[in-house]
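Encoded as structure tokens, the structure appears first; notes follow it.
A note on names: the letters A, B, ... follow the listed sequences, proteins ahead of strands, and every chain is numbered from 1. For the numbers below, each heavy atom of this structure counts, side chains included, while hydrogens, waters and symmetry mates do not.
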Amino acid sequence: MMVIMKIGRNINNQEIAKLLRVISAAYEIRGGNKFKIIAYDRAATAIEHATSEAKDLWDDGKLTEIPGVGASIASHLDELFRKGKVAHFEAIMRGLPPAMFEFLDIPGIGAKSAYKLCRELKIKNSQTAVLDLEKAAKKGKIAKIEGFGQKSQEDILEAIKVFKAGEIKENRMVLPYADAIAQEMISYLKKIPATVQADPLGSLRRRVATIGDVDIAVSTLKPVEVINWFVRYPKARKLVEKGPSGATILLKNGRQVDLRVQRPEAYGAMLQYFTGSKHHNIHLRELALKKGFSLSEYGIKKIKNLKLKIKNYANEEDFYKALDMDWIPPELREDTGEIEAALLPPIRRDQGKPDGLPKLVELEDVKGDLHIHSNFPVEESHDPGLDPMEEIIKVAHTLNYEYIGFTEHNPSQSQHSENQIISLLKRKKEAIDKINYSRVKKLLNGIFNGLEIDIKPNGELAIPEKALDLLDYGLASIHSSFRMSR
DNA sequence: GCCGTTTTCGGCCCGACTGTTTTCAGTCG
Ligand SMILES: Nc1nc2c(ncn2[C@H]2C[C@H](O)[C@@H](COP(=O)(O)OP(=O)(O)OP(=O)(O)O)O2)c(=O)[nH]1
Ligand SMILES: [Mg+2]
Ligand SMILES: [Mg+2]
């Protein structure tokens, strides 16, 4: 439960992000420049999402290539990687109760509340901070603090329960799990005629590998009906909040679902807003501002003529087109250059940027699979495949694959002599040769004989050298001894 | 603190919801 930061020279991206968020919160308490606070937060998000470890980028002198990391933060990180601590950060934190940072992941508590609670309740010990806060709430001490009351005291108690159960957005789910939750909710929403359309948005629509919460938008002329139906979802455990334009619930499984509703004629703007990402939206809105437009989930306003009515967009294509941009595939909307790339050709040429949006790899583009486990009995030590090769070939055919390769694990070394391993692999090679000469072969252009070969702790492969001659190819991978030093 | 072909200075997204406030601050999307 402790969220104390791990600091040191071997800090990873997740831990750096946490550290930068703590600094952002510290600046917020100190009344620092509002945009500096935002800058630290943005740098945190950028490092969290970076595809390389910040420490490796630092090694190559490329830290400032991360958008949002400039000279200042890069120099602090340089100090962090060299010395394991940052003097400037320590100075910022000095005088602030360290326990307050334990509260930042409790839903509804931000920097200001965390600080006030710590100070007024004299909470000193980081290790027991959350428990101390809970005790204080139960004794009615929070309601007495200025700016808090009976209701906020109850809300904090509830939030601590949620936090202790690990039911916070920071504990992310894998994409397929979130997909399942979203699909169930969408079927439920579609049961009432008021729902014109319902879509999973946010990180789900962007197909991010891990998902914090489930975001859903509904197109409707009867928002009140949809929202009331939503909050009565049978699997809902708790209503978090509810208003005229949406609601948030917590499900019995501890997951959060956010709903936003919008009229059909303005649904395009809602799709754009609620798909995100946050920094894609901010970047897009900044670009629009320079052109004299103000963007929101309701549509586009002309800044000069605020009296002019907001313009509706029923679909996303028109919304982006109004900004002279190509429609951007949701998978690319992470503010990593896609906005500049989407600017229509004449503008790109003016700016000397000829490149458009990249063409994404679609499922149909996948032409084969060279890592497949069949149930062919090679007597591996673990995880044999479930289906016969013939069945797998048929499925590959229905997927329009041109080729596949079979890569069962190598025969277990502990159970077999070298000769036994070779004879097992000979049998498999004969089986594949046979398939290649049989009718099934016509389904695919190529069926290859591979093997997933263990790399042993001493670096050797787990099959004899001459067994390699029996294979078309091998996949070598490590299956044990993960705690060896680098 | 970051960033840039209208800027190396002067900007920085925009809105929903809640509680405690008597007009808005804090938190979140
Ligand atoms: N303009 C703007 N849009 C935001 C902001 N925060 C969130 N959004 C929009 C874009 C997000 O993708 C969408 C849903 O917010 P979430 O907090 O659920 O984020 P998202 O789903 O992208 O990631 P997640 O996996 O839930 O952490 O709402 C913001 O500060 N400004
Ligand atoms: Mg989300
Ligand atoms: Mg959300």
Side-chain angles (χ1 to χ4, degrees), chain A residues 20 23-25 27-29 32-44 46 64 66-77 88 92 103-117 142-143 145-156 159 168-169 201-203 212-217 223 227 239-248 256-262 269-270 272-301 303 310 335 340 343 347-353:
Chain A
L20 295 177
I23 300 305
S24 172
Y27 268 121
E28 197 170 344
I29 302 308
N33 179 323
K34 182 178 139 204
F35 298 104
K36 195 196 278 196
I37 297 165
I38 293 171
Y40 269 94
D41 214 62
R42 168 155 155 66
T64 53
I66 301 174
V69 176
S72 171
I73 291 180
S75 85
H76 295 321
L77 293 181
H88 179 247
I92 304 294
F103 299 156
L104 295 178
D105 281 342
I106 300 175
I109 301 186
K112 296 265 167 67
S113 308
Y115 175 67
K116 215 172 186 182
L117 288 167
I142 292 179
I145 304 173
E146 201 195 317
F148 292 85
Q150 199 62 42
K151 185 66 172 65
S152 47
Q153 178 169 272
E154 281 163 29
D155 288 348
I156 287 174
I168 51 172
K169 279 192 70 179
L201 303 178
S203 50
D213 68 353
V214 170
D215 302 292
I216 291 176
I227 294 166
L239 176 62
V240 179
E241 62 184 26
K242 176 172 175 259
S245 63
T248 296
Q256 180 179 307
V257 186
D258 288 338
L259 172 79
R260 291 297 305 265
V261 293
Q262 183 55 285
M270 177 57 78
Q272 196 290 314
Y273 153 74
F274 214 27
T275 296
S277 64
K278 172 180 172 176
H279 291 289
H280 173 88
N281 287 355
I282 291 176
H283 192 153
L284 194 70
R285 288 171 181 206
E286 283 173 348
L287 190 110
L289 270 182
K290 287 179 194 154
K291 299 185 185 201
F293 299 113
S294 173
L295 272 43
S296 76
E297 61 267 46
Y298 295 93
I300 301 182
K301 277 186 290 202
I303 292 173
I310 190 163
D335 191 25
E340 287 76 10
L343 288 167
I347 299 164
R348 284 204 302 269
R349 269 198 300 275
D350 289 350
Q351 300 185 353
K353 289 176 188 159

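- Proximity note for A:Phe35 (side chain, C-beta onward) versus B:dT18, B:dT27, B:dC12: the nearest is B:dC12.
- At whole-Å resolution of the value, CD1 in A:Ile145 and C1' in B:dT20 are 14 Å apart.
- Taking the P atom of each, B:dG11 and B:dT20 are spaced 38 Å apart, rounded to whole Å.
- Between the CD atom of A:Gln150 and the P atom of B:dT18 there is a distance of 19 Å, given to the nearest Å.
- Taking atom C1' on both B:dC12 and B:dT23, the two are 26 Å apart, rounded to the nearest angstrom.
- Comparing A:Lys169 and A:Glu286 by the nucleotide of DNA chain B whose heavy atom lies nearest to each, the residue mapping closer to the 5' end is A:Glu286.
- Using a 4.0 Å heavy-atom distance criterion, A:Glu146 is classed as making no nucleic acid contact.
- On the P atoms, B:dG10 is 27 Å away from B:dG15, given to the nearest whole Å.
- Residue-level contact check: A:Gly147 touches the backbone only, with heavy atoms under 4.0 Å from sugar-phosphate atoms and none from bases.
- Within the 4.0 angstrom heavy-atom criterion, no nucleotide atom of any strand lies near A:Leu284.
- In this structure the side chain of A:Ile106 never reaches within 4.5 angstrom of the side chain of A:Ile156, judged on heavy atoms.
- Within the 3.5 Å criterion, the main-chain N or O of A:Ala247 finds no donor-acceptor partner in the side chain of A:Glu241.
- The gap from the C1' atom of B:dC3 to that of B:dT7 amounts to 10 Å, rounded to the nearest Å.
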**Study point:** Verdict with supporting geometry, A:Leu284 and A:Leu295, side-chain contact (heavy atoms from CB on, under 4.5 Å)
**Key:** CA-CA 8 Å; A:Leu284 194 70; A:Leu295 272 43; 3.9 Å; yes

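- Side chain of A:Ser294 to backbone of A:Ile303: no donor-acceptor contact under 3.5 angstrom is found.
- Closest to the A:Lys242 side chain, of the nucleotides B:dG1, B:dT18, B:dA16, is B:dT18.
- Here B:dT8 sits opposite no nucleotide as a Watson-Crick or G-U wobble pair (both hydrogen-bonding atom distances under 3.5 Å).
- In this structure, NZ of A:Lys151 is placed 16 Å from P of B:dC17, rounded to the nearest angstrom.
- Here A:Ala288 lies out of heavy-atom contact (under 4.0 Å) with every strand.
- In this structure, A:Gln256 does not reach the B:dC28 phosphate: none of its side-chain N or O atoms is under 4.0 Å from OP1 or OP2.
- If you check every strand for non-hydrogen atoms under 4.0 Å, A:Leu289 touches sugar and phosphate atoms only.
- Residue A:Ile282 is in base contact, counting any heavy-atom pair closer than 4.0 Å across all strands shown.
- Applying the side chain to side chain donor-acceptor pair (under 3.5 Å) test to A:Asn281 and every residue at least two apart in sequence or in another chain returns A:Gln272.
- Atoms CG (A:Leu343) and P (B:dT5) sit 10 Å apart, rounded to a whole Å.
- Note: NZ (A:Lys36) to P (B:dG11) measures 19 Å, nearest angstrom.
- Going from the P atom of B:dA16 to that of B:dT5 covers 31 Å, rounded to whole Å.
- Across all strands, A:Lys290 comes closer than 4.0 Å to base atoms (heavy-atom distances).
- Across all strands shown, A:Gly246 has heavy atoms under 4.0 Å from sugar-phosphate atoms exclusively, and none from any base.
- Taking every side-chain heavy atom of A:Ser72 into account, B:dG1 is the closest of B:dG15, B:dG1, B:dA16.
- A donor-acceptor contact under 3.5 Å is not formed by the side chain of A:Tyr273 with the base of B:dG15.
- As judged by a 4.0 angstrom heavy-atom cut-off over every strand, A:Arg260 is placed among residues touching the sugar-phosphate backbone only.
- For A:Asp258 against B:dG29, no side-chain N or O and base N or O form a donor-acceptor pair under 3.5 Å.
- Distance A:Glu154 CD to B:dG19 P: 10 Å, rounded to the nearest Å.
- Atom pair A:Ile109:CD1 and B:dG19:C1' shows a separation of 14 Å (rounding to whole Å applied).
- Distance from the side chain of A:Asp213 is smallest for B:dG29 among the nucleotides B:dG19, B:dG29, B:dC17.
- Put simply, the side chain of A:Lys301 never gets that close to the backbone of A:Ser296: no donor and acceptor are under 3.5 Å apart.
- Within the structure, every side-chain polar atom (N or O) of A:Ser296 is placed at least 4.0 Å from both OP1 and OP2 of B:dC14.
- Nucleic acid contact for A:Ala111: sugar-phosphate only, since backbone atoms but no base atoms lie under 4.0 Å from a heavy atom of the residue.
- Note on A:Ile38: nothing from the nucleic acid sits closer than 4.0 angstrom, heavy atoms only.
- Nearest-nucleotide assignment on DNA chain B puts the 5′-proximal partner with A:Ile73, out of A:Gly108 and A:Ile73.
- Within 4.0 Å of A:Thr248, counting heavy atoms only, lies no atom of the nucleic acid at all.
- Taking 4.0 angstrom as the limit, A:Ser152 places a side-chain polar atom (N or O) nearer than this to OP1 or OP2 of B:dT20.
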Exercise for review: Show your working on side-chain contact (heavy atoms from CB on, under 4.5 Å) between A:Val240 and A:Asp258 and close with a plain yes or no.
Suggested key: CA-CA 10 Å; A:Val240 179; A:Asp258 288 338; over 6 Å; no

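- The phosphate of B:dC13 has neither OP1 nor OP2 within less than 4.0 Å of any side-chain N or O from A:Ser294.
- The interatomic distance linking A:Tyr27 (OH) with B:dC12 (P) rounds to 21 Å, in whole Å.
- Ion pair A:Asp41/A:Lys36 not flagged as a salt bridge, since none of the NZ, NE, NH1 or NH2 atoms sits closer than 4.0 Å to an Asp/Glu carboxylate oxygen.
- Among the protein residues, A:Asp215 comes within range of the sugar-phosphate backbone only, with heavy atoms under 4.0 Å from sugar or phosphate atoms but none that close to a base.
- The separation of B:dT21 from B:dG26, taken at their P atoms, amounts to 13 Å, rounded to a whole angstrom.
- Dashed line: the shortest gap from a side-chain N or O of A:Lys278 to OP1 or OP2 of B:dG15 is not under 4.0 Å.
- In terms of modelled atom types and a separation under 3.5 Å, the side chain of A:Gln256 and the main chain of A:Asp213 share no donor-acceptor contact.
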